[in-house]
Amino acid sequence: ENLGSDGGSSIDRHLLNVFLSEGMDIILDAEGLLERWAQNTSHTEELKTLSTELRLLAGGSETAGLKEVHEMATRLADCYERLWTGRRQVSDEFLTLASAGQEALINMMDCLAAGQILHAGTDILLRLDDWLAMSDEQVLDTAQDAAEETVHFELPAEERESFAMPMPAASVDHGME
């Protein structure tokens, strides 16, 4: 019985049951981590754990043939990694988007458990893609802006001499006393 959106019949029921058990634990843990991190976004340890757990979920969903879950978990993990590595800053907009992605994962798991067809959450995936693309552009823009703002300053020759450090006189020992 296939529960993915591709219409085939490729999901093994036993593999699906194992994935549902393990996957739901990961998703619920990730939901708690997201809530804790949202309350204090300066703690990046939760971001590392979120990224790691969602990558585990993505791997398991890929093995189980659940493309929709794999794509959502991978996108969210990529976002958390960008935040944790400092390549992007958190915003209220991102927290709303991350919560929507997390909710989409929970809904996908509920659909799987009920034997319903999965819906990809395309709108959320597109918004996550936009957020990820924007972060790449912002990194490039920030680096370019920083390079353009670098000011080179050189003192005129007469002022450089006033800052020159006097060299100590060399002491020569001729061996005569």
Side-chain angles (χ1 to χ4, degrees), residues 2-6 10-12 14-143 145-146:
N2 175 51
L3 302 173
S5 64
D6 63 1
S10 59
I11 297 178
D12 175 86
H14 176 71
L15 186 57
L16 179 62
N17 287 335
V18 170
F19 174 77
L20 281 171
S21 174
E22 298 293 323
M24 193 53 104
D25 287 345
I26 291 171
I27 288 173
L28 293 175
D29 189 35
E31 183 178 38
L33 284 166
L34 177 60
E35 289 171 5
R36 280 195 306 278
W37 175 71
Q39 291 179 11
N40 189 350
T41 58
S42 65
H43 291 159
T44 58
E45 199 59 39
E46 283 93 350
L47 290 172
K48 285 181 183 180
T49 306
L50 275 165
S51 181
T52 300
E53 289 200 5
L54 288 169
R55 291 212 189 279
L56 285 171
L57 181 68
S61 60
E62 186 175 42
T63 300
L66 300 168
K67 181 181 115 184
E68 297 84 354
V69 176
H70 177 262
E71 288 177 350
M72 186 66 69
T74 299
R75 296 297 196 306
L76 285 168
D78 290 345
C79 290
Y80 294 134
E81 186 175 310
R82 298 270 168 94
L83 290 164
W84 143 56
T85 58
R87 293 168 46 201
R88 188 74 201 266
Q89 299 299 314
V90 69
S91 66
D92 289 340
E93 174 191 352
F94 175 75
L95 291 173
T96 300
L97 182 56
S99 293
Q102 186 68 35
E103 188 64 32
L105 283 173
I106 291 170
N107 289 339
M108 287 179 195
M109 296 301 276
D110 288 344
C111 285
L112 286 169
Q116 299 172 351
I117 292 177
L118 288 182
H119 299 283
T122 305
D123 178 55
I124 296 168
L125 286 173
L126 290 174
R127 289 171 48 207
L128 289 168
D129 284 342
D130 287 346
W131 191 89
L132 288 165
M134 187 171 39
S135 70
D136 289 339
E137 291 168 11
Q138 284 180 342
V139 168
L140 293 175
D141 289 346
T142 301
D145 290 346

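Values in this document were obtained by computation on a predicted structure and should not be read as measured data. Throughout, residue positions are numbered sequentially from 1 according to the sequence presented. Any value given below was found using the heavy atoms of this structure, including those in side chains, with hydrogens, waters and symmetry copies removed.
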Check the pair M134, R88 against side-chain contact (heavy atoms from CB on, under 4.5 Å), reporting the backbone distance first and the verdict last.
CA-CA 9 Å; M134 187 171 39; R88 188 74 201 266; 3.2 Å; yes

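- Under a 3.5 Å cut-off, the side chain of S21 and the backbone N or O of N17 do not form any donor-acceptor pair.
- Ion pairing between a basic and an acidic side chain is recognised when a charged N comes within 4.0 Å of a carboxylate O; R127 and D123 show such pairing.
- Counting only heavy atoms from C-beta outward, the side chains of L47 and T41 never approach each other to under 4.5 Å.
- Taking CG of L54 as the reference point, atom CD of Q102 lies at 6.5 Å (rounded to 0.5 Å).
- Put simply, CG on L50 and CD1 on I26 are 12.0 Å apart, with the number rounded to the nearest 0.5 Å.
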Check the pair M72 / L128 against side-chain contact (heavy atoms from CB on, under 4.5 Å), numbers first and verdict last.
CA-CA 9 Å; M72 186 66 69; L128 289 168; 3.8 Å; yes

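- The backbone N or O of S99 lies less than 3.5 Å from no partner atom in the side chain of E31, so there is not a single donor-acceptor pair.
- A pairwise comparison of heavy atoms in A77 and S51 identifies O-OG, 3.3 Å as the closest pair.
- Ring geometry for W131 against F94 counts as tilted: the plane angle lies between 30° and 60°, on a 0 to 90° scale.
- One distance of note links CE of M24 with CG of D110; it measures 4.5 Å at 0.5 Å rounding.
- Judged by distance alone, the side chain of R82 and the main-chain N or O of L132 form a donor-acceptor pair under 3.5 Å.
- Note that CG of D29 and CD of E53 are 4.0 Å apart. Values are rounded to the nearest 0.5 Å.
- Within a 6.0 Å sphere centred on CG of D92, other residues, nucleotides and ligands contribute 12 heavy atoms or fewer.
- Here the closest non-hydrogen pair linking W37 and L83 is CH2-CD1, 3.7 Å.
- A 4.5 Å side-chain heavy-atom check between L34 and Y80 finds at least one atom pair inside the cut-off.
- Among all heavy-atom pairs drawn from T63 and L15, the shortest one is O-CD2, 3.5 Å.
- Summarising the geometry, atom CZ belonging to R55 is positioned 10.5 Å from atom CG belonging to L76; distances are rounded to the nearest 0.5 Å.
- Proximity of a side-chain donor or acceptor of T52 to a complementary backbone N or O of K48 within less than 3.5 Å is detected.
- With hydrogens and angles ignored, the 3.5 Å screen pairs a side-chain donor or acceptor of S61 with a backbone N or O of A58.
- Results of the side chain to side chain contact (heavy atoms under 4.5 Å, CB included) test with E68 over L125, L112, L118, I117 single out L118 as the only residue that passes.
- Summarising the geometry of I124 relative to A104, their closest heavy-atom pair is CD1-CB, 3.9 Å, with the distance given to 0.1 Å.
- Looking only at side-chain heavy atoms (C-beta outward), E103 and N107 come within less than 4.5 Å of each other.
- Rounded to the nearest 0.5 angstrom, E45 CD and T49 OG1 are separated by 5.5 Å.
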